Participant: 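My questions all concern the structure below.
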Amino acid sequence: MSNDELWIDYIENEMSLTERLEARQRFRKSKEDMELISEINGLKEEVRQADEWGALEVTDDDMDRLHSQIMQGIEMAQMAPPPTRWQKWRRSHRHWAVASSTLALLLIFTTTLLVSLSFYKHSHTKSFQFAAQVLGAQNGQSDALVATSHLTEDDLLLDLVDQKFNQLTLQQVEGLVGTL
Amino acid sequence: MAESDKKSVTELENLTDQEIVRRVKQGDRKSFSLLVKRHQKGLLRLSLRFVKDMDVAEDVVQDSFIKAYERLNSYEERAQFKSWLYQIAINTAKNKLRSRRDGMTDVDDVPLAVAARAESDLVHTAVSQMINKYIEVLPFKQRTALTLRIYEDLSFKEIAEIMECPYDTAKANYRHALMKLRDELEGHRELKDWSEEVGGFFLQETRRTAEVES
């Protein structure tokens, strides 16, 4: 049992007499624990005293009026039929249902993400191949890269996508034409 | 009232909540009136602790009883009727609070001194106001656990039933609420010092420490 659980059980008297005596022995060894317990006890007392509604004075007339209002509402209300077996099952397994739904959603999300990434990668390569075909590169992709001073296919593709092709220097364009 | 009517009223009054519920379920709508009589005051006080307004609290009580009646067939006797009713009232109060959250007072706006009274009264008023405001801004579950434990004097088993959570979770919520309040009040050193000067609760703490030590 952690110290937090121990002091709350001690303060709230949620332990047997033997456990209580053992806990008291333990707390006596720590000044910090003693202070915490007395402070929490003091706080509880102050919270109790701060209760604005503890001494609520409501007259019998007020209660009768409220009672009549409630009973008028009840007269109009309809009792719902008893829940079906499936509804009962769903209610008693609600926590499991929430947990399994969350897990299922997480699985769907992860699968979708992986599929999207794979599709992106595939389409990326395809796009480059298409660009290379358009440029008419006959000696493979590496020539096109050398000619345009791009280190990777991705860089070339990005420039193409960004419509920066027309920003290539004359030398780069001549180099590219030379590879065709 | 006729003698036979008086007798049946007395008989009804001796029935437990569960027995009355069974009668209502069998179609005796009027018996529900006794359940209302038994629990309306407690429910009103509980609702007031959450919504802090008599009119709104009365609405909460009325709505809660109507909801309880409508859903009575889904009430299973594993939990006490009172716990089930409190659960409905707390959820109803929570919804009311949600709809009027915008108009809530900021903790920093709470005036510390309100009138010329004895200093110790002033300190207690100030500390109480501060505590109430900090209770109001606690996370709802912690606030519920604290309210049910300290003000309604319920066991953690009952609190767990009302909050629909395990026993340990109810206790943990209560513990977190106390620790949060303690931390918040630590930030008001001047109030603590003032309280000690006039014999406020921090002096009671010292006395208690001495008791535990002995």
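Just the heavy atoms: all of them, side chains too, but no hydrogens, waters or symmetry mates, feed the values below. In this text the structure is predicted, and so the values were computed from the model without any measurement.
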Participant: Chain A: which of B:Arg175, B:Gln62, B:Lys37 shares the most heavy-atom pairs with it under 4.5 Å?
Facilitator: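 Option with the greatest count: B:Arg175.
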
Participant: Tell me whether A:Glu75 at atom CD has more than 12 heavy atoms from other residues, nucleotides or ligands lying less than 6.0 Å away.
Facilitator: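 Counting other residues, nucleotides and ligands, CD of A:Glu75 exceeds 12 neighbours.
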
Participant: For chain A, which residues of residues 79-93 of chain B have at least one non-hydrogen atom nearer than 4.5 Å to it?
Facilitator: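 None at all.
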
Participant: Within the 4.5 Å heavy-atom criterion, are B:Lys41 and A:Leu66 side-chain neighbours or not?
Facilitator: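 Result no, sub-4.5 Å side-chain heavy-atom pair not found.
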
Participant: For the side chain of B:Asn73 and the backbone of A:Ala80, is there at least one donor-acceptor N/O pair under 3.5 Å apart?
Facilitator: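 Pair found, side chain donor or acceptor close to backbone of A:Ala80.
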
Participant: Determine yes or no for a side-chain-to-main-chain donor-acceptor pair under 3.5 angstrom, with B:Arg182 supplying the side chain and A:Leu36 the backbone.
Facilitator: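 No; judged by distance alone, with no hydrogens or angles, the pair does not exist.
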
Participant: Relative to chain B, which segment of A:Met71 carries a heavy atom at a distance below 4.5 Å: side chain, backbone, both, or neither?
Facilitator: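 Side chain only.
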
Participant: Among B:Asn132, B:Ile131, B:Val127, find the residue that satisfies the side chain to side chain contact (heavy atoms under 4.5 Å, CB included) test when tested with A:Val47.
Facilitator: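 Answer to the side chain to side chain contact (heavy atoms under 4.5 Å, CB included) test with A:Val47 among B:Asn132, B:Ile131, B:Val127: B:Ile131.
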
Participant: Is the backbone of B:Val36 close enough, under 3.5 Å, to the side chain of A:His67 for a donor and an acceptor to pair up by distance?
Facilitator: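 Side chain of A:His67 to backbone of B:Val36, a donor-acceptor pair under 3.5 Å: no, none is there.
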
Participant: Could you check whether any side-chain heavy atom of B:Leu178 comes within less than 4.5 Å of a side-chain heavy atom of A:Ile8, counting everything from C-beta outward?
Facilitator: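 Touching, per the 4.5 Å side-chain cut-off.
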
Participant: Quick one: which of A:Gln72, A:Met76, A:Gln69 has the most heavy-atom pairs under 4.5 Å with chain B, could you say?
Facilitator: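 The candidate making the most pairs under 4.5 Å is A:Gln69.
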
Participant: Between A:Ile40 and B:Met179, is any pair of side-chain heavy atoms under 4.5 Å apart?
Facilitator: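 They are in side-chain contact.
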
Participant: Which heavy atom in B:Val61 sits nearest to a heavy atom in A:Ile70, and how many Å separate them?
Facilitator: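 Of all heavy-atom pairs spanning B:Val61 and A:Ile70, the closest is CG1-CD1, 3.9 Å.
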
Participant: Between B:Ser128 and A:Gln49, what is the shortest heavy-atom contact and its length?
Facilitator: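 Residues B:Ser128 and A:Gln49, closest heavy atoms: OG-O, 4.3 Å.
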
Participant: Can you measure from CD (A:Glu45) to CD1 (B:Ile150) and round to the nearest 0.5 angstrom?
Facilitator: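 If I round to the nearest 0.5 Å, the distance is 9.5 Å.
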
Participant: Verify whether one side chain among B:Tyr167 and A:Glu14 offers a donor that lies under 3.5 Å from an acceptor in the other.
Facilitator: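 Short answer, yes.
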
Participant: Identify which part of B:Leu46 has an atom lying under 4.5 Å from any heavy atom of chain A, answering side chain, backbone, both or neither.
Facilitator: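 Neither the backbone nor the side chain of B:Leu46 comes within 4.5 Å of chain A.
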
Participant: By number, which residues in residues 155-166 of chain B have some heavy atom less than 4.5 Å away from chain A?
Facilitator: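 The list, in residue order, reads B:Phe156, B:Glu164.
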
Participant: On a heavy-atom basis, which atom in B:Tyr69 and which in A:Met79 lie closest, and how many Å separate them?
Facilitator: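 Heavy atoms only, the tightest pair is O-CG, 3.2 Å.
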
Participant: Assess the residue pair A:Glu39 and B:Glu186 against the criterion (side-chain contact (heavy atoms from CB on, under 4.5 Å)); give the C-alpha distance rounded to whole Å, side-chain angles, the decisive distance to 0.1 Å, and a yes or no.
Facilitator: CA-CA 11 Å; A:Glu39 214 170 294; B:Glu186 274 293 314; 3.4 Å; yes

Participant: Within a radius of less than 6.0 Å around NZ of B:Lys67, do more than 12 heavy atoms belonging to other residues, nucleotides or ligands occur?
Facilitator: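 For B:Lys67, atom NZ is crowded (more than 12 foreign heavy atoms under 6.0 Å).
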
Participant: Would B:Lys171 and A:Glu12 pass as an ion pair if we require N to O under 4.0 Å?
Facilitator: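 No salt bridge links B:Lys171 with A:Glu12.
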
Participant: Between B:Ile66 and A:Ile74, what is the shortest heavy-atom contact and its length?
Facilitator: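 Result for this residue pair: CA-CD1, 3.9 Å.
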
Participant: Using non-hydrogen atoms only, which part of B:Tyr174 is less than 4.5 Å away from chain A: side chain, backbone, both, or neither?
Facilitator: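 Only the side chain of B:Tyr174 comes within 4.5 Å of chain A.
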
